[in-house]
A.B. asks: 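Below is the structure I would like to discuss, written out as structure tokens.
The figures that follow rest on heavy atoms only: side chains count, while hydrogens, waters and symmetry mates do not. What you see is a predicted model, and the numbers here were worked out from it, not measured in a lab.
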Amino acid sequence: MSFPLLTATAVLPAVGAIATAAVPAARRTAAKWLALLVSLATLALAITVLVRFDPDGARYQLTESHAWIADFGVRYELGVDGIGVALLALTALLIPFIILAGWHDADPLETGSRRWRPTQGFFALILAVEAMVIISFEATDVFLFYIFFEAMLIPMYFLIGGFGDRAHAGTDENAAAQRSYAAVKFLLYNLVGGLIMLAAVIGLYVVAGNFSLQEIAEARANGTLDMATNTERWLFLGFFFAFAVKAPLWPLHTWLPNAMGEATAPVAVLITAVVDKVGTFAMLRFCLQLFPEASKWATPAILVLALISIVYGALLAVGQRDIKRLVAYASISHFGFIIMGIFAMTSQGQSGATLYMVNHGISTAALMLVAGFLISRRGSRLIADYGGVQKVAPVLAGTFLIGGLATLSLPGLAPFVSEFLVLVGTFARYPVIGIIATFGIVLAALYTLVLYQRTMTGPVKPEVSAMPDLRLRELAVVAPLVVLLIFLGVYPKPVTDIVNPAVKSTMSDVHKKDPKPEVEAAK
């Protein structure tokens with residue numbers, strides 16, 4: 001039997017989480033280093049998966065299949081296509097930076113504080129989330145996917161509710177209540193989505209007789225499994241609702257600003273750059289592949305919702321006074337672009353959407369983590385409390401600017417390529433939607449540049465006059481992300497070569513071809 005590489009990528013951080021949690025309370029530093037080493041080892045396994053994956057080979061590779069709950073047709077089935085392997089690599093890449101950025105976020109508070117921050121638990125929960133997200137990207141059994149799609153809510157709930165910004169600790173009487181509210185809201189929204197999806201999963205089993213994604217998709221393609229139109233549409237809506245909550249798509253988005261605002265900056269990155277990607281990934285893998293006709297039926301409505309997300313999220317970002325909530329609303333706008341690209345039903349749109357998932361993860365991590373370093377120095381999330389930072393901390397201001405420029409999709413930085421592909425792919429089939437969506441780009445430039453102007457330029461405020469610049473550990477977090485933003489901005493081919501064959505297969509699932517240009521190319 002060949003080495004179960006996909007299982008190893010998920011089991012390693014799970015075992016690491018248990019080991020980190022078991023480290024004695026007095027050995028906090030050892031727990032941190034253990035978590036970091038486990039995340040780096042997981043990254044090494046993810047790189048091995050990436051190297052062994054052949055974009056021109058079978059659709060699902062490195063597959064594993066074992067009987068699990070035979071009486072109910074549930075199997076332990078894993079496999080990755082180009083989209084899954086790209087997001088697996090993104091997850092494994094970001095976790096070490098998240099751990100490094102949060103190195104002191106869970107240290108015990110000052111003597112006399114009412115709250116104890118269990119360092120070991122903080123890093124163990126991060127590794128547990130990593131394990132569950134990775135296996136979600138690998139699962140090709142619908143029931144197996146559902147279990148981890150829901151299970152990741154538990155560690156995320158404790159990360160949001162149990163660990164807040166250092167700026168609030170011991171100074172804001174309402175901080176604990178705000179964190180609790182954000183965590184409960186996150187949990188309830190996603191649990192409701194998950195329960196609706198569970199009903200759809202059961203319905204799918206009743207119709208298909210098993211949970212195997214590949215078997216059901218093949219049966220649908222060759223005509224041996226014929227779903228009634230209304231049945232397929234109801235099942236699609238059950239799956240899509242859960243994914244839209246996690247994505248998050250307007251109007252199911254309201255949990256995200258609360259969760260990102262109250263969580264520490266590294267946990268906020270974990271939410272939007274890692275966990276939320278499971279929702280958009282699942283739209284491609286499950287909605288389009290299992291319910292192709294229903295996906296086409298729902299496309300106009302979904303495109304309208306995505307368009308509202310783009311404009312609404314950007315407009316609210318413009319009016320924010322809180323740095324972290326601004327980034328959260330910007331992410332809602334960006335997820336609108338991703339979902340629009342998925343349901344544009346063009347190869348450019350879906351390639352751009354997948355590339356956008358990767359690039360958004362990197363750019364949001366860069367911006368939010370630098371924002372976290374900034375907030376930890378000043379002790380405030382309010383934009384008005386800053387000014388002139390670039391004069392006292394130029395490296396911090398410079399990396400903050402690069403992260404912001406990536407967020408507005410400046411040409412030469414990674415998100416530009418993906419956003420351009422999404423807009424081109426959407427315009428080819430839905431020109432009005434594509435034209436209106438470009439308004440989101442204008443708003444992105446507005447909220448990003450205004451944020452930079454108000455925090456980094458102008459007279460130096462007394463409260464930031466002694467602010468230190470980025471330290472070595474913080475540079476080790478930010479510098480590689482900046483390099484990746486520039487590299488993928490000028491040379492995205494390594495990612496597009498991996499995802500394009502999978503996108504082609506997805507287009508085939510929904511029986512869609514790219515529209516022909518209205519004007520023939522000159523010969």
A.B. asks: Short question: side chain of Arg429, backbone of Ala344 - any donor-acceptor pair under 3.5 Å?
C.D. replies: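 Flag set: sc Arg429 to bb Ala344 pair under 3.5 Å.
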A.B. asks: Just list the side-chain donor-acceptor pairs under 3.5 Å for residues 88-103, sequence neighbours left out, or say none.
C.D. replies:
unit_1: Thr91; atom_1: OG1; unit_2: Leu87; atom_2: O; d: 2.9

A.B. asks: Taking the side chain as C-beta and beyond, is there a heavy-atom pair between Asp105 and Pro266 under 4.5 Å?
C.D. replies: yes
A.B. asks: I need the minimum non-hydrogen distance between Ser309 and Trp250, along with the two atoms involved.
C.D. replies: OG-N, 2.8 Å
A.B. asks: Take Leu188 and Trp255, measure what side-chain contact (heavy atoms from CB on, under 4.5 Å) needs, and give me the verdict at the end.
C.D. replies: CA-CA 9 Å; Leu188 288 178; Trp255 62 267; over 6 Å; no
A.B. asks: Using 0.5 Å steps for rounding, measure from the NE2 atom of His253 to the CD1 atom of Ile332.
C.D. replies: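 Going from NE2 on His253 over to CD1 on Ile332, the span is 4.5 Å.
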A.B. asks: Under the side-chain contact (heavy atoms from CB on, under 4.5 Å) criterion, do Leu288 and Phe343 qualify, and how do the steps go?
C.D. replies: CA-CA 9 Å; Leu288 270 60; Phe343 285 91; 3.8 Å; yes
A.B. asks: Where do Ala437 and Leu423 come nearest, in terms of heavy atoms and distance?
C.D. replies: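 Looking at all heavy atoms of both residues, the shortest contact is CB-CD2, 3.9 Å.
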A.B. asks: According to salt bridge (Lys or Arg N to Asp or Glu O under 4.0 Å), who are the partners of Lys277, at least two apart in sequence or on a separate chain?
C.D. replies: none
A.B. asks: So Leu355 and Thr496, side-chain contact (heavy atoms from CB on, under 4.5 Å) or not? Walk me through it.
C.D. replies: CA-CA 7 Å; Leu355 187 60; Thr496 56; 4.1 Å; yes
A.B. asks: Just wondering, do Leu413 and Ser363 contact through their side chains at under 4.5 Å, heavy atoms?
C.D. replies: no
A.B. asks: Please name all residues satisfying side chain to side chain contact (heavy atoms under 4.5 Å, CB included) with Ser136, sequence neighbours left out, ordered by chain then number.
C.D. replies: Phe145, Phe148, Met152, Val278
A.B. asks: Can you confirm whether Leu34 sits close enough to Val38 that some side-chain heavy atom of one is under 4.5 Å from a side-chain heavy atom of the other?
C.D. replies: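 Yes. Closest side-chain heavy atoms under 4.5 Å.
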A.B. asks: With sequence neighbours excluded, tell me which residues meet ring-ring contact (aromatic ring centres under 6.0 Å, His included) with Tyr329.
C.D. replies: none
A.B. asks: Which atom names give the shortest non-hydrogen contact between Asp276 and Thr272, and what distance separates them?
C.D. replies: OD2-CA, 3.6 Å
A.B. asks: Just checking, is any N or O donor in the side chain of Thr506 or Gln350 under 3.5 Å from an acceptor N or O on the other one?
C.D. replies: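 No.
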A.B. asks: Atom OG1 in Thr426, atom CD1 in Ile433: separation rounded to 0.5 Å?
C.D. replies: 8.5 Å
A.B. asks: Can you tell me how far the CD1 atom of Ile435 sits from the CZ atom of Phe427, to the nearest 0.5 Å?
C.D. replies: 5.0 Å
A.B. asks: Using a 4.5 Å cut-off on heavy atoms from C-beta on, say whether the side chain of Thr280 contacts that of Ile342.
C.D. replies: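 With C-beta onward as the side chain, the pair touches.
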A.B. asks: In a check of side chain to side chain contact (heavy atoms under 4.5 Å, CB included) between Gln61 and each of Asp54, Leu6, Val49, which one passes?
C.D. replies: Asp54
A.B. asks: Would you say the side chain of Lys32 lies within less than 4.5 Å of the side chain of His104, judging by non-hydrogen atoms?
C.D. replies: yes
A.B. asks: Show your reasoning for whether side-chain contact (heavy atoms from CB on, under 4.5 Å) applies to Val478 and Val395.
C.D. replies: CA-CA 10 Å; Val478 178; Val395 178; over 6 Å; no
A.B. asks: Name all pairs fulfilling the salt bridge (charged side-chain N to carboxylate O under 4.0 Å, His left out) condition that reach into residues 459-473, sequence neighbours left out, sorted by first residue then second.
C.D. replies: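 Qualifying pairs, neighbours excluded: Arg471-Glu474.
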A.B. asks: Is any side-chain heavy atom of Met456 closer than 4.5 Å to one of Leu374?
C.D. replies: yes
A.B. asks: When rounded to the nearest 0.5 angstrom, what is the spacing between CG in Asp322 and CD1 in Ile375?
C.D. replies: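 Reported to 0.5 Å precision, the distance equals 7.0 Å.
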A.B. asks: Does Arg378 have more than 12 heavy atoms from other residues, nucleotides or ligands lying within 6.0 Å of its CZ?
C.D. replies: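 Atom CZ in Arg378 is crowded, with more than 12 foreign heavy atoms closer than 6.0 Å.
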A.B. asks: Start with the C-alpha gap between Ser39 and Glu130, add the side-chain angles, then the distance that decides, and say whether side chain to side chain donor-acceptor pair (under 3.5 Å) holds.
C.D. replies: CA-CA 9 Å; Ser39 68; Glu130 179 182 23; 5.9 Å; no
A.B. asks: Does the Arg381 side chain pair with the main chain of Gly261, one donor and one acceptor, at a distance under 3.5 Å?
C.D. replies: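 Looks like yes, one N/O pair under 3.5 Å.
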A.B. asks: So, does Arg377 use its side chain to make a donor-acceptor pair with the main chain of Val464 at under 3.5 Å?
C.D. replies: no
A.B. asks: Determine yes or no for a side-chain-to-main-chain donor-acceptor pair under 3.5 angstrom, with Thr448 supplying the side chain and Leu405 the backbone.
C.D. replies: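 Absent.
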A.B. asks: Please report the shortest heavy-atom distance between Thr20 and Phe123, naming the atom on each side.
C.D. replies: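 Nearest heavy atoms, Thr20 then Phe123: CG2-CB, 4.1 Å.
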A.B. asks: Which heavy atom of Pro415 sits nearest to which heavy atom of Ala406, and what is that distance?
C.D. replies: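 Taking Pro415 first and Ala406 second, the nearest heavy atoms are CG-O, 3.2 Å.
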A.B. asks: Does a sphere of radius 6.0 Å around CZ in Phe420 hold more than 12 heavy atoms from other residues, nucleotides or ligands, not counting ones at 6.0 Å or beyond?
C.D. replies: no
A.B. asks: How about Tyr447 and Thr407: does a side-chain donor come under 3.5 Å of a side-chain acceptor?
C.D. replies: no
A.B. asks: What distance do Leu326 atom CG and Leu316 atom CG have between them, rounded to the nearest 0.5 Å?
C.D. replies: 10.0 Å
A.B. asks: Are Tyr181 and Gln178 packed together at the side-chain level, in the sense that at least one heavy-atom pair is separated by less than 4.5 angstrom?
C.D. replies: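 With C-beta onward as the side chain, the pair stays apart.
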A.B. asks: Counting only heavy atoms not in Lys504 (residues, nucleotides, ligands), do more than 12 fall under 6.0 Å from its NZ?
C.D. replies: no
A.B. asks: Which pair of non-hydrogen atoms, one from Gly161 and one from Arg179, has the smallest distance, and what is that distance?
C.D. replies: O-NE, 3.7 Å
A.B. asks: Which residue pairs satisfy the ring-ring contact (aromatic ring centres under 6.0 Å, His included) criterion with at least one member in residues 353-406, sequence neighbours excluded?
C.D. replies: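 Output for this query lists His334-His360, Phe335-His360.
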A.B. asks: A side-chain contact here means heavy atoms from C-beta on lying under 4.5 Å apart; do Phe439 and Ile310 qualify?
C.D. replies: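 Contact flag for Phe439/Ile310 side chains = no.
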A.B. asks: Take Phe286 and Phe149 through the ring-ring contact (aromatic ring centres under 6.0 Å, His included) test and state the conclusion after the steps.
C.D. replies: CA-CA 13 Å; Phe286 295 101; Phe149 180 81; 9.0 Å; no
A.B. asks: Just how far is it from atom CE of Met156 to atom CD1 of Ile126, taken to the nearest 0.5 Å?
C.D. replies: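 If I round to the nearest 0.5 Å, the distance is 9.0 Å.
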A.B. asks: Do Gln390 and Tyr452 meet the criterion of a side-chain donor-acceptor pair at a distance under 3.5 Å?
C.D. replies: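 Note: Gln390 and Tyr452 side chains meet the donor-acceptor criterion.
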